Amino acid sequence: MKTIFKGFFKLLFSLVSLLLVLLLVAGTWFGVQGYYMYQDAVRQAPMGEMVQCIRSMDGFTQFDELPEIYVQAVVSAEDKHFWDHHGVDYLSICRAVWNDLQTFSFAQGGSTITQQLMKNEYFTQEKTLERKFAEVFAAWDLEREYGKEEIFELYVNTIYFGSGYYGIREAAQGYFSKAPSELSDYEAIMLAGLPNAPSAYSPDSSPELAKQRMKQVLDQMVECNILSQRKADRIFEEK
């Protein structure tokens, strides 16, 4: 019996070792392909040119024009460790990979705000491993060249908010007839949740879904100790 167990564990160890080697080889392969994908993208559109193109858009909104609660809501909902990481949140990626393995899907990606910006500006929305690696290389480079506030303003000036509105200024004016700096807490948090699924959560077409998404963002803000539960409830009841 002891010999049988010894043989079983030896076989199990061999299988686990083989799996780890295969994962390492696959990771290296996709990593190299992702690096080439990133290099090809920045050759066609250098990062400095991409940033300048965004900043030159009509209605570009600078970071200091954004309500503080809007910034807090976006970070709470999209990237809790935005101010601390260097472009990639490894813990979030590991959590997303584990969830994907459990559900046999590629639904969660663990992308940071920086990664989302690079994906939107340089790559397709196709969910492939090489694109994920390309996104990581791009995020690293962007964080080396630009500060967090610069990255945040690039992000919110380019994301889609539904109903044909791109960027925070168009969304604030389109949905609420206000400049971003004039948004109420309710309006700012509402807008913070829309880019997660802009077509589904648009207040114009799906006001109830938009409010449900807003509740999710408020819950995240409470979890991150940005708001008390009492204040979150009060904001949710505003009109």
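Keep in mind the model is a prediction, meaning the values are calculated, not measured. Positions are given from 1 along the sequence. Computed over heavy atoms, backbone and side chain alike; hydrogens, waters and symmetry mates excluded.
Note: Glu223 CD to Lys80 NZ = 5.5 Å, rounded to the nearest 0.5 Å. To the nearest 0.5 angstrom, Trp140 atom CH2 is 9.5 Å from Gln115 atom CD. Atom CZ of Phe63 is separated from atom CD of Glu149 by 4.0 Å, given to the nearest 0.5 angstrom. The distance from the CG atom of Asn225 to the CD atom of Gln72 is 11.5 Å, given to the nearest 0.5 Å. For the atom pair CD (Gln173) and CG (Leu183), the distance works out to 10.0 Å, reported to the nearest 0.5 Å. To the nearest 0.5 Å, atoms CE (Met214) and CG (Leu209) are separated by 14.5 Å.
With 3.5 Å as the limit, one finds a donor-acceptor pair spanning the side chains of Asp204 and Ser163. Counted by atom type alone, Gln216 and Arg213 present one or more donor-acceptor pairs between their side chains at under 3.5 Å. Between the side chains of Thr114 and Glu143, a donor-acceptor pair is found at a separation under 3.5 Å. In this structure, a donor-acceptor pair under 3.5 Å is present between the side chains of Asp40 and Gln44.
Looking only at side-chain heavy atoms (C-beta outward), Tyr122 and Met47 come within less than 4.5 Å of each other. Contact annotation: the side chain of Cys53 never approaches that of Met50 to less than 4.5 Å [non-hydrogen atoms, C-beta and beyond]. Pro180 places none of its side-chain heavy atoms less than 4.5 Å from the side chain of Glu65. Residues Arg131 and Lys119 are in side-chain contact: their nearest non-hydrogen atoms beyond the backbone lie under 4.5 Å apart. Side-chain contact between Glu145 and Glu150: absent, with no pair of heavy atoms (C-beta onward) separated by less than 4.5 Å. Counting heavy atoms from C-beta outward, Ile69 and Ile235 have side chains that approach closer than 4.5 Å. Pro203 is listed as a side-chain neighbour of Leu194, based on a closest heavy-atom distance under 4.5 Å. Taking the side chain as every heavy atom from C-beta outward, Phe176 and Leu191 approach each other to under 4.5 Å.
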Residues Glu78, Tyr155; criterion side-chain contact (heavy atoms from CB on, under 4.5 Å); working and verdict: CA-CA 11 Å; Glu78 297 293 334; Tyr155 173 74; 4.0 Å; yes
Between Ile54 and Glu121, is the side-chain contact (heavy atoms from CB on, under 4.5 Å) condition met? List the steps. CA-CA 10 Å; Ile54 295 173; Glu121 295 305 309; 4.0 Å; yes
Audit row: His81, Thr112, side-chain contact (heavy atoms from CB on, under 4.5 Å) steps and yes/no: CA-CA 8 Å; His81 304 116; Thr112 63; over 6 Å; no
Does the pair Asn196 and Tyr201 meet the rule for a side-chain contact (heavy atoms from CB on, under 4.5 Å), with working shown? CA-CA 8 Å; Asn196 181 262; Tyr201 295 139; 3.6 Å; yes
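Note on Val71 and Phe161: same hydrophobic cluster, where clusters join Ile, Leu, Val, Met, Phe, Trp and Tyr whose side-chain heavy atoms are under 4.5 Å apart, directly or indirectly. Leu66 and Tyr160 end up in different hydrophobic clusters when Ile, Leu, Val, Met, Phe, Trp and Tyr side chains are linked at under 4.5 Å. When hydrophobic clusters are built by joining Ile, Leu, Val, Met, Phe, Trp and Tyr residues whose side-chain heavy atoms come closer than 4.5 Å, directly or via intermediates, Tyr166 is not grouped with Ile159.
Closest approach of Pro46 to Arg43, counting heavy atoms only: CD-O, 4.2 Å. The heavy-atom pair separating Ala139 from Met118 by the smallest distance is N-CG, 3.9 Å. Minimum interatomic distance between Ala232 and Leu218 (heavy atoms only, all atoms of both residues): O-CD1, 3.7 Å. When all heavy atoms are compared, the tightest approach of Ala179 to Arg169 is CB-NH1, 4.2 Å. In plain terms, the two heavy atoms of Ser205 and Ser199 that are nearest each other are OG-O, 4.0 Å. Closest heavy-atom contact between Leu117 and Ile151: CD2-O, 4.0 Å.
Residues satisfying the side-chain hydrogen bond (donor to acceptor under 3.5 Å, both in side chains) test with Asn157, not counting sequence neighbours, are none.
Put simply, the side chain of Asn120 gets close to the backbone of Gln116: a donor and an acceptor are under 3.5 Å apart. The main-chain N or O of Val42 is never found under 3.5 Å from a side-chain atom of Tyr38 such that the two would form a donor-acceptor pair.
Ring geometry, Tyr70 versus Phe152: the interplanar angle exceeds 60°, so the pair is classed perpendicular (tilted spans 30 to 60°).
Between Lys132 and Glu135, at least one side-chain nitrogen of the basic residue sits less than 4.0 Å from a carboxylate oxygen of the acidic one, meeting the salt-bridge criterion. The pair Glu153-Lys148 fails the salt-bridge criterion, with no side-chain N (NZ, NE, NH1 or NH2) lying under 4.0 Å from an Asp/Glu carboxylate O.
When ring centroids are compared, Tyr165 and Tyr175 come within the 6.0 Å threshold.
Annotation for Asp64: atom CG counts as buried by contact number, over 12 foreign heavy atoms lying within 6.0 Å.
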